[in-house]
Protein chains: 2
Amino acid sequence: MAQTYEYPRPALTVDVVVFALDDEDLQVMLIRRKLPPFAGQWALPGGFVRVAETLEEAAQRELQEESGLAGIFLEQLFTFSEIDRDPRERVVTVAYYALVNLAGHDVRASADAAQAAWFPVGELPELAFDHTRIVEVALQRLRGKVRYQPIGFELLPAGFTLSQMQHLYEAVLETPLDKRNFRKKVLGLGLLLRLKERQMDGRHRPAQLYRFDAQRYEKLKKRGLHFEV
Amino acid sequence: MAQTYEYPRPALTVDVVVFALDDEDLQVMLIRRKLPPFAGQWALPGGFVRVAETLEEAAQRELQEESGLAGIFLEQLFTFSEIDRDPRERVVTVAYYALVNLAGHDVRASADAAQAAWFPVGELPELAFDHTRIVEVALQRLRGKVRYQPIGFELLPAGFTLSQMQHLYEAVLETPLDKRNFRKKVLGLGLLLRLKERQMDGRHRPAQLYRFDAQRYEKLKKRGLHFEV
DNA sequence: CCAAAAGTGTTAAAACTACACCCATGA
DNA sequence: TCATGGGTGTAGTTTTAACACTTTTGG
């Protein structure tokens with residue numbers, strides 16, 4: 001399988017920052033490395049890109065192999081190319097990020113507990129390579145994006161409550177939001193469809209479930225959807 | 001210089017979309033290709049990444065070599081990885097974009113006219129590879145970005161008038177803006193410093209020149225600057 | 001004195017913020 | 001019946017959008 005090229009070329013990898021909302025906290029999925037370099041240390045899921053796959057395919061494949069997560073919505077984040085970011089040789093990595101688990105999407109179950117784990121974004125361990133930096137950039141992007149785009153929508157499960165959605169926003173933005181104003185605004189967008197069912201999950205009034213109206217979203221997006229917190 | 005690796009790896013290139021404002025129109029810089037594939041066709045400036053340089057360095061180098069433009073502000077756009085985007089072999093490209101020339105920055109002069117030329121974004125010729133797509137993505141990004149971030153500021157020349165700035169915004173957004181409201185908003189940001197000089201460039205009232213207050217911008221950006229058209 | 005772009009305020013409409021109580025359920 | 005989170009409207013303030021005339025210069 002060895003290959004010779006006329007000029008040396010950087011190796012190409014993908015890394016994925018998967019965010020999840022666990023009750024209150026925004027968490028990040030990490031994998032414990034088995035091999036050097038940084039053996040035993042925590043790192044983002046990721047690995048080398050094969051010549052017959054796109055970057056997104058590589059990211060999905062590595063995510064599946066290392067964490068069990070399959071078919072989630074990925075967004076390209078940034079391509080990192082610092083010369084010394086990998087001690088072995090020159091490696092350029094394309095980072096992706098994803099947001100999973102609003103409304104009962106149990107993410108823990110799909111990860112192989114032996115090597116994958118979730119950490120609150122505020123309490124990450126020391127990470128391999130420049131992965132701490134990558135997580136920072138992802139977080140920054142997520143926060144920036146959430147303010148003017150209804151993020152999370154592409155990847156929401158079928159039914160969620162407005163409170164869950166509000167908690168997502170509060171966790172990402174790290175700021176409390178007013179319940180009435182949040183509902184007014186988010187319903188005013190016309191992107192949510194009421195479901196027939198309601199969520200009865202405790203000793204309190206059941207909550208209305210909604211789903212995201214993807215078709216309408218696509219239409220509005222083309223005309224320059226405007227949305228803010 | 002030939003090199004052998006254990007596994008085949010994609011080649012890595014950079015491509016740059018340079019936008020410029022020429023009076024009314026938003027233009028894109030293109031290079032006529034001398035070598036196959038697509039010899040004789042127009043393409044974005046760009047080329048292979050060397051192992052000892054970062055992507056940004058590669059982009060700057062290629063831009064300098066192919067167009068004479070040096071040291072301009074580049075922003076990473078997206079990394080394109082479609083399997084067949086290059087007919088020769090698997091090539092992944094990291095695209096950058098830049099915006100030059102508000103207020104008398106004469107861009108034409110720095111480009112080697114024999115191979116580089118400007119085209120209005122609405123009238124691009126057929127481009128090599130997937131470069132048409134890359135320009136589309138860049139344009140989309142520029143338009144999206146301009147609405148909530150004071151773009152262009154990092155790369156503005158020392159002195160510019162509010163009308164020039166407004167024209168930039170109008171060209172990028174392809175929509176007319178109200179002069180009074182634009183001025184109110186942009187001055188209200190507190191990011192512009194009046195210069196002593198005024199621009200006397202015609203038989204009409206001279207225009208006040210401003211420069212961008214980069215320090216203040218950096219401060220505000222950290223606190224989550226809010227800006228909209 | 002004419003042409004051309006620079007510069008300047010006000011008003012009505014819309015959007016945003018702050019805020020407090022009743023509702024439906026399970027225990 | 002109590003605890004828990006779900007759900008709802010209004011009023012004051014701020015922000016936005018629309019709009020027209022005067023100023024300064026060069027020819």
Side-chain angles (χ1 to χ4, degrees), chain A residues 21-24 102-104 146-150 159-171 173 175-211 220 223-229, chain B residues 21-24 102-104 146-148 150 159-171 173 175-211 220 224-229:
Chain A
L21 190 68
D22 173 27
D23 294 328
E24 301 295 280
L102 222 196
V146 85
R147 298 206 49 192
Y148 62 93
Q149 261 187 41
F160 56 91
T161 71
L162 291 185
S163 292
Q164 287 174 309
M165 184 170 170
Q166 182 176 342
H167 288 146
L168 164 66
Y169 274 77
E170 289 177 331
L173 293 174
T175 187
L177 300 172
D178 181 88
K179 184 164 51 159
R180 279 179 286 193
N181 294 338
F182 182 82
R183 281 162 189 247
K184 224 181 300 174
K185 174 155 276 174
V186 100
L187 288 176
L189 275 178
L191 290 177
L192 298 187
L193 298 174
R194 295 175 81 102
L195 299 181
K196 288 205 191 76
E197 315 93 68
R198 289 180 307 160
Q199 185 178 72
M200 322 242 291
D201 70 338
R203 48 181 198 150
H204 56 78
R205 182 172 173 176
Q208 179 64 49
L209 289 169
Y210 293 86
R211 76 174 178 82
L220 289 180
R223 303 190 185 176
L225 170 63
H226 193 60
F227 175 75
E228 196 156 328
V229 182
Chain B
L21 191 66
D22 172 26
D23 294 328
E24 301 294 279
L102 221 197
V146 86
R147 300 206 48 186
Y148 61 91
F160 55 91
T161 71
L162 291 184
S163 291
Q164 287 173 308
M165 184 169 169
Q166 182 176 342
H167 287 147
L168 165 65
Y169 274 78
E170 289 176 331
L173 293 174
T175 186
L177 300 172
D178 181 88
K179 184 164 53 157
R180 280 179 285 195
N181 293 337
F182 183 82
R183 281 160 188 249
K184 225 180 301 171
K185 173 154 275 174
V186 99
L187 289 176
L189 275 178
L191 291 178
L192 297 187
L193 298 173
R194 296 174 80 100
L195 299 181
K196 286 204 193 76
E197 317 90 72
R198 290 182 305 159
Q199 184 177 75
M200 321 240 292
D201 70 336
R203 48 178 197 155
H204 55 79
R205 181 173 175 172
Q208 178 63 51
L209 288 169
Y210 293 86
R211 74 174 179 81
L220 289 180
L225 170 63
H226 194 59
F227 174 75
E228 196 155 327
V229 184

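Naming: A, B, ... by sequence-line order, numbering from 1 per chain.
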>> At under 4.0 Å between heavy atoms, how does the protein contact nucleotides 13-22 of chain C? Give one character per nucleotide, 5' to 3', with B, S or -.
In response: ---SBBBB--
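Spacing between atom CE of B:M165 and atom P of C:dG7 amounts to 14 Å, rounded to whole angstrom units. The distance from atom CD of B:Q199 to atom P of C:dA5 is 12 Å, rounded to the nearest whole Å. Taking atom CZ on B:R183 and atom P on C:dG9, their separation rounds to 12 Å, with Å as the unit. Distance, A:Q166 CD to D:dG6 P: 9 Å, rounded to whole Å. Atom P of nucleotide C:dA24 and atom CG of A:D201 are separated by 17 Å, given to the nearest angstrom. Regarding A:M200, its CE atom lies at a distance of 10 Å from the C1' atom of C:dA24, rounded to whole Å. Rounded to a whole Å, the CZ atom of B:F160 is 16 Å from the C1' atom of C:dA6. Between the C1' atom of C:dG7 and the CD atom of B:Q208 lies a distance of 11 Å, rounded to the nearest Å.
Residue B:H167 holds its NE2 atom at 10.0 Å from CG of B:L177, rounded to the nearest 0.5 Å. One distance of note links CG of A:D178 with NZ of A:K184; it measures 7.5 Å at 0.5 Å rounding. Taken to the nearest 0.5 Å, the CG atom of B:L192 stands 11.0 Å off from the CZ atom of B:R183.
For D:dG6, one of the phosphate oxygens OP1 or OP2 lies less than 4.0 angstrom from a side-chain nitrogen or oxygen of A:S163.
Shown here for A:F160 and A:R211, the closest heavy-atom pair between the two residues is CE2-CA, 3.9 Å.
A side-chain donor-acceptor contact under 3.5 Å links A:Q208 to the backbone of A:L195.
With DNA chain D read from its 5' end, the first of the two nearest nucleotides for A:R198 and A:H204 is the one closest to A:H204.
Annotation: side chain of B:V146 is not in contact with side chain of B:L168 (no heavy-atom distance under 4.5 Å).
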